Trainee: 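Here it is, the structure, as structure tokens.
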Amino acid sequence: MPELPEVETVRKTLKQLVLNKTINDISIFWPKIIKQPDDVEEFKHLVIGQTIMDIERKGKFLLFQLNEYVLVSHLRMEGKYGVFNHQEPVSKHTHVIFHFREGDELRYNDVRKFGTMHLFRKGEELVSKPLNQLGPDPFEEKFILNDFFDKIHKSERAIKNILLDQSVVAGLGNIYVDETLYRARIHPLRKGSQLSKTEVESLQHFSIETLAEAVKQGGTTIRSYVNSQGQIGMFQQQLFAYGQENKPCKNCGTMISKIKVGGRGTHFCASCQKE
DNA sequence: TAGCTCTCCTGAGAGC
DNA sequence: TGCTCTCAGGAGAGCT
């Protein structure tokens with residue numbers, strides 16, 4: 001499940017492969033992935049002839065900077081990009097192919113078909129859904145403690161659910177929320193309104209630290225994630241909580257518990273993270 | 001307005 | 001061996 005570190009790794013590896021390539025044609029096999037514009041034929045018409053000038057990231061979104069447009073892509077659960085020779089066989093889970101003038105092609109593969117693509121004229125992407133709904137990226141200067149505390153403190157939701165809310169902070173998903181809460185020694189079911197400013201400061205610190213370490217390791221591969229060069233991430237070897245149920249806590253030896261919070265599998269140490 | 005539930009979607013794994 | 005059921009989960013829509 002690509003979260004910020006995985007998307008950042010995809011961005012870096014993909015950029016090396018597609019920069020300055022011009023889109024000659026597009027094949028779309030699952031039109032529901034295209035969310036903006038509504039008409040898939042219009043999407044094709046606008047993108048054909050455009051050159052990929054840069055690839056940026058905001059939260060878990062990839063932003064393909066074209067000449068006149070910005071393609072905003074979310075990988076959701078299992079979306080992947082890869083560059084292939086046009087003669088290589090196409091996987092049954094490949095849903096969009098960008099054919100390049102240079103002869104190779106960028107393929108979007110997504111087993112669960114959850115991924116999305118929005119196309120905007122340059123400048124409109126940041127004032128339109130979905131990007132205008134996002135809170136600060138944890139690596140941005142805009143990720144300010146006072147704002148973070150205000151958003152958390154006014155909520156009666158469980159802190160696990162608050163941290164998964166992309167309008168509070170953009171980029172955390174289920175894995176890194178569990179890891180951040182473990183490192184900050186905060187129980188996932190505690191209400192936002194109950195957290196002290198010191199605890200929120202700890203959450204801010206450990207979210208940035210955890211994500212930065214994961215970026216260095218190329219992300220976390222739980223089931224299927226690989227970067228755009230087909231390499232898996234390595235951060236799964238450093239997980240303290242996520243996927244560690246019924247294994248001893250690396251801090252105190254208590255078995256890691258797993259519960260459901262907001263429909264998400266949630267892993268924590270009942271001894272280190274008191275409710 | 002806040003917060004909860006449902007929905008989309010398919011592969012893996014368990015149980016029979 | 002093959003079938004059915006459950007689970008995994010990001011985010012938007014819809015409901016209370």
Side-chain angles (χ1 to χ4, degrees), chain A residues 1-8 10 28-38 57-63 72-81 90-96 108-118 125 128-135 137-138 150-181 188-195 207 211 214 219-226 232-233 236 239 241-246 256-268:
Chain A
M1 62 197 87
E3 301 181 27
L4 187 154
E6 293 76 39
V7 177
E8 177 61 16
V10 167
I28 299 172
F29 307 111
W30 190 257
K32 288 171 83 172
I33 285 172
I34 311 299
K35 302 295 184 186
Q36 162 77 24
D38 294 335
R57 180 191 58 74
K58 184 162 179 59
K60 303 179 198 172
F61 289 88
L62 285 169
L63 281 65
V72 178
S73 171
H74 198 303
L75 305 174
R76 294 286 182 99
M77 297 300 299
E78 299 200 32
K80 301 179 187 67
Y81 281 102
V90 175
S91 153
K92 70 172 182 174
H93 299 302
T94 295
H95 306 306
V96 181
Y108 177 72
N109 184 294
D110 190 345
V111 169
R112 297 191 199 181
K113 299 176 177 170
F114 275 10
T116 59
M117 294 185 192
H118 294 76
E125 75 278 10
S128 311
K129 283 187 178 180
L131 296 186
N132 69 349
Q133 309 288 305
L134 294 182
D137 189 287
D150 285 346
K151 284 180 181 173
I152 290 174
H153 195 65
K154 73 178 184 185
S155 176
E156 293 299 314
R157 285 186 293 168
I159 186 62
K160 163 89 182 199
N161 290 334
I162 298 173
L163 294 178
L164 284 172
D165 184 343
Q166 302 298 295
S167 69
V168 174
V169 55
L172 288 174
N174 206 36
I175 296 174
Y176 298 108
V177 166
D178 281 3
E179 291 303 305
T180 297
L181 288 169
L189 285 175
R190 286 187 62 196
K191 290 182 178 180
S193 60
Q194 296 174 340
L195 297 188
S207 64
L211 291 169
T220 303
T221 296
I222 296 297
R223 202 167 77 86
S224 63
Y225 161 75
V226 292
I232 64 170
Q236 64 276 11
L239 295 176
Y242 186 87
Q244 307 300 305
E245 63 267 31
N246 299 322
I256 296 291
S257 303
K258 183 180 181 184
I259 58 173
K260 281 230 172 190
V261 181
R264 304 281 190 270
T266 299
H267 311 74
F268 68 101

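For clarity, every value in this text was computed on a predicted model and none was experimentally measured. Lettering of chains follows the sequences in order, A, B, ..., and the numbering in each one begins at 1.
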Trainee: Using whole Å, what does the distance between atom C1' of nucleotide B/dC9 and atom CG of A/D110 come to?
Mentor: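 Taking atom C1' of B/dC9 as the reference, CG of A/D110 is at 9 Å.
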Trainee: Take atom CD1 of A/I259 and atom C1' of C/dC7, then tell me their distance rounded to the nearest Å.
Mentor: 17 Å
Trainee: Could you point out which residue of A/Q244, A/E179, A/E245 forms a side-chain hydrogen bond (donor to acceptor under 3.5 Å, both in side chains) with A/H267?
Mentor: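 With A/H267 as partner, side-chain hydrogen bond (donor to acceptor under 3.5 Å, both in side chains) holds for just one option, A/E245.
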Trainee: Closer to the 5' end of DNA chain B via nearest nucleotide, is it A/N161 or A/K32?
Mentor: A/N161
Trainee: Expressed as a whole number of angstroms, how long is the span from A/I34:CD1 to B/dC8:C1'?
Mentor: 16 Å
Trainee: Please report, rounded to the nearest Å, how far the C1' atom of C/dT6 is from the CZ atom of A/R112.
Mentor: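 Computing the A/R112:CZ to C/dT6:C1' distance gives 13 Å.
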Trainee: Is it the case that A/K258 and A/N246 place a side-chain donor and acceptor less than 3.5 Å from each other?
Mentor: no
Trainee: A/S73 vs A/Y108, test: side-chain hydrogen bond (donor to acceptor under 3.5 Å, both in side chains). Steps then yes/no.
Mentor: CA-CA 10 Å; A/S73 171; A/Y108 177 72; 5.8 Å; no
Trainee: If I take atom CG in residue A/D178 and atom C1' in nucleotide C/dG9, what distance separates them, rounded to the nearest angstrom?
Mentor: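 Checked: the CG to C1' distance equals 12 Å.
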Trainee: Can you identify which nucleotide, out of B/dG11, B/dG3, B/dA2, has its nearest atom closest to the A/K154 side chain?
Mentor: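 For the A/K154 side chain, the nearest candidate turns out to be B/dA2.
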Trainee: Over all strands shown, is A/K92 touching base, sugar-phosphate only, or nothing at heavy-atom distances under 4.0 angstrom?
Mentor: sugar-phosphate
Trainee: Answer yes or no: is there a side-chain heavy-atom contact under 4.5 Å between A/E78 and A/N109?
Mentor: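 With C-beta onward as the side chain, the pair stays apart.
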Trainee: I need the A/H118 NE2 to A/S128 OG distance, nearest 0.5 Å.
Mentor: 9.5 Å
Trainee: Between A/D178 and A/R264, does at least one N-O distance fall below 4.0 Å, as a salt bridge requires?
Mentor: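 Salt bridge absent between A/D178 and A/R264.
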Trainee: Rounding to an integer number of Å, can you tell me how far A/L189 CG sits from B/dC4 P?
Mentor: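 After rounding, the reported distance stands at 11 Å.
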Trainee: In Å and rounded to the nearest 0.5 Å, what is the CD to CG distance from A/E3 to A/L211?
Mentor: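 Those atoms lie 8.0 Å apart.
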Trainee: Kindly give the atom pairs (protein nitrogen or oxygen, nucleotide nitrogen or oxygen) under 3.5 Å for nucleotides 10-13 of chain C.
Mentor:
from: C/dG10; atom 1: OP1; to: A/N174; atom 2: N; distance (Å): 3.4
from: C/dG10; atom 1: OP2; to: A/R264; atom 2: NE; distance (Å): 2.9
from: C/dG10; atom 1: O3'; to: A/H74; atom 2: NE2; distance (Å): 3.4
from: C/dG10; atom 1: N7; to: A/R264; atom 2: NH2; distance (Å): 3.0
from: C/dG10; atom 1: N2; to: A/R76; atom 2: NH1; distance (Å): 3.1
from: C/dG10; atom 1: N3; to: A/R76; atom 2: NH1; distance (Å): 3.4
from: C/dA11; atom 1: OP1; to: A/H74; atom 2: NE2; distance (Å): 2.5
from: C/dA11; atom 1: OP2; to: A/K60; atom 2: NZ; distance (Å): 3.3
from: C/dA11; atom 1: OP2; to: A/Q166; atom 2: NE2; distance (Å): 3.4
from: C/dA11; atom 1: N7; to: A/R264; atom 2: NH2; distance (Å): 3.3

Trainee: To the nearest Å, how far apart are A/K260 NZ and C/dG9 P?
Mentor: 7 Å
Trainee: Remember a base hit wins even if backbone is also touched, and classify A/G263 as base, sugar-phosphate or nothing at under 4.0 Å, heavy atoms.
Mentor: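 No contact.
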Trainee: With a non-hydrogen cut-off below 4.0 angstrom, is A/K258 in contact with a base, only sugar-phosphate, or nothing?
Mentor: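 Counting heavy atoms under 4.0 Å across all strands, the contact made by A/K258 is with sugar-phosphate only.
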Trainee: Could you state the CZ-C1' distance from A/R157 to B/dT5, rounded to the nearest angstrom?
Mentor: 14 Å
Trainee: Considering just the side-chain nitrogens and oxygens of A/S155, establish if one lies under 4.0 Å of OP1 or OP2 belonging to B/dG3.
Mentor: yes
Trainee: Is the distance from OP1 or OP2 of C/dG9 to the nearest side-chain N or O of A/Y242 less than 4.0 Å?
Mentor: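 The answer is yes; a side-chain N or O of A/Y242 sits under 4.0 Å from OP1 or OP2.
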